[in-house]
Amino acid sequence: MASKFYITTPIYYPSDKLHIGHAYTTTIADSLARWHKFTGKDVYFLTGSDEHGQKIQRIAKEKGVTPKAYVDEIVVSFKKLWERLNIEYDDFVRTTDTRHHLAVQEVFRRIHEKGDIYKSTYQGNYCTPCESFWVESKLVDGNCPDCGRKVEIVEEESYFFKIGKYADRLLQHIADHPGFIQPESRRKEMVNFIKGGLEDLCVSRTTFDWGIGVPVDDKHVVYVWFDALTNYLTGVGFPDNEKMIETWWPADVHLVGKEIMRFHTIIWPSILLALDFPLPKTVFGHGWLLSDSDKMSKSKGNVVDPHALIDEFGVDPIRHFLLREISFGQDGNFSRRALIERTNSDLANDLGNLLNRSLAMLGKYFDGIIPSPGSVEVFDQELQDLAAVVRKKLVAQIDDLAINDGLATLWQLVSRANKYIDECAPWALAKDGNIERLQTVMYNTMEVQRIIALFIKSFLPQTGERIWAQLGIPVALDKQTIEDTQWGGLQIGTETKKGDPIFPRIDLVAEAEKQSAAKEKAQQKKQVDKKAVVEKVVDGVIGIEDFGKVQLVIAKILQAESVKGADKLLKLQVDSGDDQRQIVAGIAKYYTPDQLVGKNIVIVANLKPVKLRGELSQGMLLAASTKDGKLELVSVTDQITPGSRVK
Ligand code: ME8
């Protein structure tokens with residue numbers, strides 16, 4: 001039987017839509033799975049969703065739906081993204097699956113029966129976003145040491161797992177298996193954590209019910225991390241499918257982000273030790289993908305949506321960027337500019353141009369048909385040798401999980417192929433009528449691309465297919481294995497099928513213009529939004545500070561008379577408290593002067609004075625008017641003295 005390779009991703013929380021960071025882990029896992037299959041191994045690639053816990057229950061409540069309805073919808077979006085990214089997983093474990101419930105309950109039951117799980121009371125700190133318990137001494141300024149957010153104090157009856165019992169065995173295992181925790185820096189970190197002492201782990205909760213019931217006590221649900229980690233066993237048929245477990249367990253690689261190494265290298269191995277199960281061969285903690293040098297988070301508004309990127313650039317530029325740009329194990333930066341530069345240099349200039357120009361020459365010199373090669377010269381030998389060296393190096397690097405180095409190695413062959421064309425100058429051979437040499441050079445140029453397509457297909461599946469299609473090779477690419485990368489596999493007489501360039505260059509100038517147009521549009525939108533706010537105010541909504549600007553005061557009318565030449569106006573002398581002033585008002589149709597004298601009315605005292613028909617008006621009186629032409633002054637009784645403020 002071929003050797004096996006079982007690889008997993010973390011199962012993601014459906015607390016929100018997935019972003020480019022999640023796509024990073026899964027793209028790497030997919031590429032590793034495809035590569036190992038290509039090298040002849042039996043491969044099993046597992047992913048899934050982590051659907052229980054307090055965090056999910058709270059989000060669903062906020063949205064006014066049941067937790068199950070909420071997760072069902074989000075999980076569809078997970079699967080959609082994996083489909084768009086060409087992620088070829090073998091199974092997807094949802095922690096709400098019945099098979100997973102059975103697996104978790106069985107794990108719990110076995111450890112409980114063994115006496116390693118007991119009931120007590122938990123009193124301490126809990127970080128809900130991370131779903132983790134913390135002893136006081138590990139908090140940083142009273143906050144969660146992982147995410148920096150506020151912890152909650154919880155006190156509840158809980159079941160505890162005697163994790164400390166396994167600390168020595170775990171330390172011994174780590175010492176005996178240097179490849180178990182990778183990279184090295186994380187291994188040291190985890191060893192220090194264990195040596196700092198492991199408190200018994202709380203493995204059940206009672207203050208909410210969105211979880212898997214504890215098999216021995218229906219008041220409790222299983223702690224979400226205990227539940228989630230077990231997915232790696234559910235996926236291989238635990239507890240019933242013994243054959244499947246035997247075939248696949250232990251996992252070869254658990255691929256996880258660095259922030260969840262503790263769960264995977266301390267809690268998970270301890271559970272497995274308690275079950276008497278072998279430990280995974282490697283847990284690799286990769287770094288974070290930063291967005292313009294900052295950690296991605298929704299609150300910062302810098303989360304990068306992979307769907308939008310795929311819509312704009314296509315899937316393989318995104319996969320290539322994730323695999324090639326970031327030193328695997330370290331943090332790396334995502335930026336639009338870096339993505340475009342990487343796409344232009346590696347995919348458009350190097351790889352795409354190689355295919356495009358070589359097929360154009362083949363069309364011109366040999367009607368697009370692969371010619372038979374003649375004798376081997378120095379440059380030909382160098383190219384062939386490099387293809388063999390690249391194969392060896394790639395196998396070693398991918399075995400060591402040095403993904404970005406592996407892609408750099410593969411691109412050495414792409415560069416060498418371009419250089420080979422320049423060195424051999426087919427155009428000069430054609431001009432000189434050196435047909436035999438021209439045949440050799442064109443054969444080698446196309447053969448090296450056949451090998452490149454084979455190497456590349458695990459990482460950039462769509463690109464591999466596109467090169468293959470233009471080379472016109474009739475056998476299916478997905479049936480090919482690493483054995484087919486031996487030099488000379490390209491059949492003489494194959495009819496190539498030149499198509500459009502597989503990666504058109506992205507114009508950086510046009511891109512800059514697009515960005516500034518987008519910025520301008522955003523600016524305009526901001527202004528429109530601002531205007532909308534102002535218009536809303538005109539519509540009737542004002543702040544209290546706006547109302548406060550208007551000085552409404554009580555004024556007593558002392559005198560009233562008509563204004564010469566203006567039959568609508570009356571001229572009033574009023575006592576407004578501190579002063580006496582004249583107000584001209586359009587009320588002659590409604591009141592005679594003697595009806596007004598002595599009235600206590602309301603005026604706007606701080607209105608800018610104006611002249612009406614040559615008469616100064618120092619304020620405005622308030623009146624209510626109806627549509628059918630009635631008008632009445634707003635007035636108060638004599639109880640209120642002139643100058644009193646209306647508020
Ligand atoms: O932790 N850069 O789920 P999760 C790189 N349900 N990788 C990133 C990333 C970034 N900016 N952001 C997220 C959980 N990831 C648990 C796992 S497993 C039994 C349970 C990746 O949805 C990274 O792999 O918070 C990280 O570990 C994972 O997403 C966390 O996903």
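Each ligand, and each atom within it, is numbered from 1 in the order the structure gives.
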### Enumerated ligand 1 atoms positioned under 4.0 Å from heavy atoms of Thr25
7 (N), 21 (C), 23 (C), 24 (O)

### Message
Do Arg58 and Phe208 form a cation-pi contact, if we require the NZ or CZ to be under 6.0 Å from the six-membered ring centre and within 45 degrees of the ring's axis?
### Response
no

### Summary
Ranking His264, Lys258, His19, His22 by closest non-hydrogen atom to atom 12 (N) of ligand 1, top hit is His19

#### Entry: Ala228 neighbourhood, listing ligand 1 atoms whose heavy-atom distance to it stays under 4.0 Å
19 (C)

### Message
Check for me whether Tyr232 has a heavy atom closer than 4.0 Å to any atom of ligand 1.
### Response
yes

### Query
Any heavy atom of Phe263 sitting closer than 4.0 Å to ligand 1?
no

### Task
Kindly assign one of parallel, tilted or perpendicular to the pair Trp249 and Trp268, based on the angle between their ring planes and the thresholds 30° and 60°.
perpendicular

### Message
Can you name the atoms of ligand 1, numbered from 1 with element, that are less than 4.0 Å from a heavy atom of Asp50?
### Response
6 (N), 16 (C), 20 (C)

### Query
How far is atom 4 (P) of ligand 1 from its nearest protein heavy atom, and which residue and atom is that?
Tyr13 CD1, 3.7 Å

### Message
Within ligand 1, which atoms have a heavy atom of Gly257 less than 4.0 Å away?
### Response
23 (C), 24 (O), 26 (C), 27 (O)

#### Entry: Cation-pi check, Lys281 onto Phe180 ring (under 6.0 Å, within 45° of axis)
no

### Summary
among protein heavy atoms, the one nearest atom 30 (C) of ligand 1 is Glu259 OE2, 3.7 Å

### Message
Apply ring-ring contact (aromatic ring centres under 6.0 Å, His included) to residues Trp35 and Phe459 and explain how you reach the verdict.
### Response
CA-CA 8 Å; Trp35 175 263; Phe459 310 102; 5.7 Å; yes

### Query
Quick one: which of Val304, Val303, Thr8, Ile11 has a heavy atom closest to atom 20 (C) of ligand 1?
Ile11

### Task
Taking only heavy atoms of Gly287 into account, list the atoms of ligand 1 that are under 4.0 Å away from them.
5 (C)

### Message
Return the closest protein heavy atom for atom 28 (C) of ligand 1 as residue, atom name and distance.
### Response
Tyr12 CE2, 3.8 Å

### Task
For the pair Phe263 and Trp225, name the ring-plane relationship: parallel under 30°, tilted 30 to 60°, perpendicular over 60°.
parallel

### Query
Does the side chain of Tyr159 come under 3.5 Å of the side chain of Asp217 through a donor N or O and an acceptor N or O?
yes

### Query
So which protein heavy atom does atom 8 (C) of ligand 1 come closest to, and at what separation?
Gly21 O, 3.3 Å

#### Entry: Aromatic ring pairing Tyr44/Tyr6, orientation class (parallel under 30°, perpendicular over 60°, tilted between)
tilted

### Message
Heavy-atom distances under 4.0 Å decide this one: backbone, side chain, both or neither, for Leu289 against ligand 1?
### Response
both

### Query
Would you call the rings of His112 and Phe108 parallel, tilted or perpendicular if under 30° counts as parallel and over 60° as perpendicular?
parallel

### Task
Check the pair Phe284, His286 against side chain to side chain contact (heavy atoms under 4.5 Å, CB included), reporting the backbone distance first and the verdict last.
CA-CA 6 Å; Phe284 191 99; His286 64 69; 4.1 Å; yes

